[in-house]
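This report refers to the structure that appears directly beneath it.
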Amino acid sequence: MAKKSNSELFSSLLYILIGVLLVIFRSQTLGWAMTIAGALFIIFGILDLIKGNFAGGAISLIIGIAILVLGWTATKIVLLVLGIMIALKGVIAFIDALRARKKNFFKIIFPIFSVAVGLMLAFGNGLDIIIMVAGIMLIVDGILGMIGSLLKK
């Protein structure tokens, strides 16, 4: 039972550490993750080529180089498209809410929120906000996990 508690404690501390990094460095952590992922694909591609797995090695190398070269460009394009789609969905939902016979506060507010989030993702710093919220959630989860692990001992 002590091993389980120690592993839960370690996981909780890891969650807190990752959460703190996400809150402090926000979108920089995504860049680090893309760089690490690209480097790992290249390393495993080279190892596959050495082992004689030419198809798998070549594919891994291409993916690794693409991640390193196109990582942020692809991310920006995805965020732009996703943000515009979320904003458009919000506009359509807002129009539908206004046309409804029975007005509902939440059916009007949520579309406005969706438009704001979509525009922030597409043209603003929405990614930083999302990463920071994820970091805060990891910190809280880590603290709760640590408390639960310590109370079991």
Side-chain angles (χ1 to χ4, degrees), residues 4 7-46 48 53 55-151:
K4 185 175 182 185
S7 100
E8 288 173 4
L9 188 61
F10 178 75
S11 295
S12 297
L13 290 171
L14 190 60
Y15 279 14
I16 293 169
L17 175 66
I18 292 170
V20 167
L21 289 174
L22 289 175
V23 169
I24 293 172
F25 296 107
R26 290 181 292 281
S27 60
Q28 287 177 319
T29 56
L30 185 59
W32 298 340
M34 284 192 294
T35 302
I36 291 168
L40 287 174
F41 270 104
I42 290 172
I43 291 168
F44 289 127
I46 291 170
D48 279 347
N53 181 2
I59 291 171
S60 290
L61 280 173
I62 291 169
I63 291 172
I65 291 169
I67 289 172
L68 290 177
V69 174
L70 302 174
W72 273 111
T73 303
T75 301
K76 288 179 182 178
I77 291 169
V78 168
L79 288 174
L80 177 67
V81 171
L82 182 64
I84 291 171
M85 289 173 47
I86 290 171
L88 287 175
K89 183 179 182 311
V91 168
I92 292 167
F94 182 71
I95 292 169
D96 289 343
L98 291 178
R99 288 184 182 163
R101 290 183 188 186
K102 188 176 180 183
K103 304 288 190 246
N104 182 332
F105 177 74
F106 291 107
K107 287 187 179 182
I108 293 174
I109 291 298
F110 187 74
I112 293 171
F113 180 71
S114 295
V115 170
V117 169
L119 292 175
M120 283 188 340
L121 279 175
F123 305 109
N125 62 348
L127 181 61
D128 279 348
I129 293 168
I130 291 170
I131 290 173
M132 191 164 62
V133 168
I136 291 168
M137 291 171 62
L138 281 171
I139 292 169
V140 170
D141 188 37
I143 290 170
L144 294 175
M146 188 182 332
I147 291 169
S149 175
L150 292 173
L151 290 177

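Position 1 is the first residue of the sequence; numbering continues from there. In this text, all values refer to a predicted model and were calculated from it rather than measured experimentally.
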I'd like to know if the side chain of Ser149 and the backbone of Gly145 have a donor-acceptor N/O pair within less than 3.5 Å. no

Hey, what do you get for CZ (Phe10) to CG (Leu17), rounding to the nearest 0.5 Å? 9.0 Å

Which atom pairs, donor and acceptor, lie under 3.5 Å between side-chain atoms of residues 28-39 and protein residues at least two apart or in another chain?
unit_1	atom_1	unit_2	atom_2	d
Thr29	OG1	Arg26	O	2.6
Thr35	OG1	Gly31	O	2.9

Would you indicate whether the side-chain heavy atoms of Asp48 and Leu61 approach each other to under 4.5 Å? no

Drop me the distance from Ile42's CD1 to Ile63's CD1, to the nearest 0.5 angstrom. 11.0 Å

Point-to-point distance, once rounded to the nearest 0.5 Å, from CD1 of Ile86 to CE of Met120: 10.0 Å

At what distance, to the nearest 0.5 angstrom, does CD1 of Ile109 lie from CZ of Phe94? 8.5 Å

Compare every heavy atom of Gly90 with every heavy atom of Ser114, then report the nearest pair and how far apart it is. CB-CA, 3.9 Å

Rounding to 0.5 Å, atoms CD1 (Ile143) and OH (Tyr15) come to a distance of 14.0 Å

Quickly, which of Val81, Leu82, Leu80 forms a side-chain contact (heavy atoms from CB on, under 4.5 Å) with Ile84? Name it, please. Leu80

What's the verdict on side-chain contact (heavy atoms from CB on, under 4.5 Å) for Leu22 and Ile139, showing C-alpha distance, side-chain angles and the deciding distance? CA-CA 10 Å; Leu22 289 175; Ile139 292 169; over 6 Å; no

Out of curiosity, Leu144 CG to Met146 CE, how far, rounded to the nearest 0.5 Å? 10.0 Å

